[in-house]
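Have a look at the structure below, then the notes.
We count ligands from 1, going down the list as the structure has it; atoms in each ligand are counted the same way.
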Amino acid sequence: MRCDILTLFPQAVEPYLAVGILGKAVASGIVDVRVHDLRRWAINRYGQVDDEIYGGGPGMAILAPVAVAAVEELAGGDRVRVVLPDPRGRIFTQEVAKELAFQERLIFLCGRYEGFDARVAQILQADEVSIGDYVVSGGELPALVILDAVLRQVRGVVGDPQSVVQDSFTLGLLDFPVYTRPRHFRGLAVPDVLLSGNHEAIRRYRLRESLRLTLQRRPELLQRYLPHLPPEVQRLALEMAEELGLHNLLAADRG
Ligand code: ADE
């Protein structure tokens, strides 16, 4: 997969792509990620990329000819999915990450100021995506959040594919808690079952902990994804909802 990131602040984006799992994937060529300074497509020798907004008001908008020229040059005539981080976009979820991971190429358009001239998204048929109901100062952090989640879905990026399979098996479930040494700390002990060596008991314990956390903290996640979970997990979810006095919660959606 090839990803291009267009930004006025390449120096804010590049360090994140150089470390950890993504850093390895980029260095080994599994994914081709290129960061470009939007100013390369400035309309004059002063490096102008933005202007005041029509109708008045504070802030500047990035010029449509700048953003469109940049994307068209990078796309080189191919139809490429343009992701435009924007709090007005569709909400980013693991499902959206999986969908974007099927694309051969992605171009991220990171805005600053008041964002892009509205015609940019229209002309480029951009996929406007929000990482949540809050506002950050530019598209760089959202682009990195989206890119990270998408690249984890690309084969070979995450060393142990089991952890990605696990992500999908448990889509809609919060992660179970993990422990490491020491066994006792400040009066809190590691649960005995994790030291038992009984893999089946450990698997069941972890599944129950995932379900318990999700039922208590994010019941709407479980409601939404329950039909997609394996039958064993569905049965256990209903059983635990009952135990926790939350049976109405899962029963409601099932008529
Ligand atoms: N730009 C500013 N805030 C954003 C958000 N929450 N999601 C995507 N892009 C953004």
Charged N-O contact under 4.0 Å between Arg224 and Glu220: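 Judged by the 4.0 Å cut-off on N to carboxylate O distance, Arg224 and Glu220 do not form a salt bridge.
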[Y] and [X], any side-chain heavy atoms less than 4.5 Å apart:
| X | Y | result |
| --- | --- | --- |
| Glu243 | Arg212 | no |
| Ile146 | Val129 | yes |
| Arg2 | Val31 | no |
| Glu200 | Tyr205 | no |

So which protein heavy atom does atom 2 (C) of ligand 1 come closest to, and at what separation?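 Answer for atom 2 (C) of ligand 1: Val136 O, 3.2 Å.
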Identity and separation of the nearest protein heavy atom to atom 1 (N) of ligand 1: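 Protein heavy atom at minimum distance: Pro87 CD, 3.6 Å.
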For ligand 1, does Asp86 get within less than 4.0 Å through its side chain, its backbone, both, or neither, judged by non-hydrogen atoms?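 Backbone only.
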Pick one of side chain, backbone, both or neither for how Asp133 approaches ligand 1, counting any non-hydrogen atom pair under 4.0 Å.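 Asp133 to ligand 1: no contact under 4.0 Å from either part.
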Against heavy atoms of Tyr134, which atoms of ligand 1 measure under 4.0 Å?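 This gives 3 (N), 5 (C), 6 (N) as the contact atoms.
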Closer than 4.0 Å to some heavy atom of Val129 - which atoms of ligand 1 meet that?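 Numbered from 1, ligand 1 contributes 8 (C).
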Ligand 1 and [X], any nitrogen or oxygen pair closer than 3.5 angstrom?
| X | value |
| --- | --- |
| Pro142 | no |
| Val135 | no |
| Ile131 | yes |

What do you reckon, is CD of Gln11 surrounded by more than 12 foreign heavy atoms closer than 6.0 Å?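 Counting neighbours around CD of Gln11, more than 12 heavy atoms of other residues, nucleotides or ligands fall under 6.0 Å, so yes.
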Does Tyr46 use its side chain to pair, donor to acceptor, with the backbone of Ile43 at less than 3.5 Å?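 Checked: no pair found.
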Gly139 heavy atom under 4.0 Å from ligand 1: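 Flag not set, Gly139 not near ligand 1.
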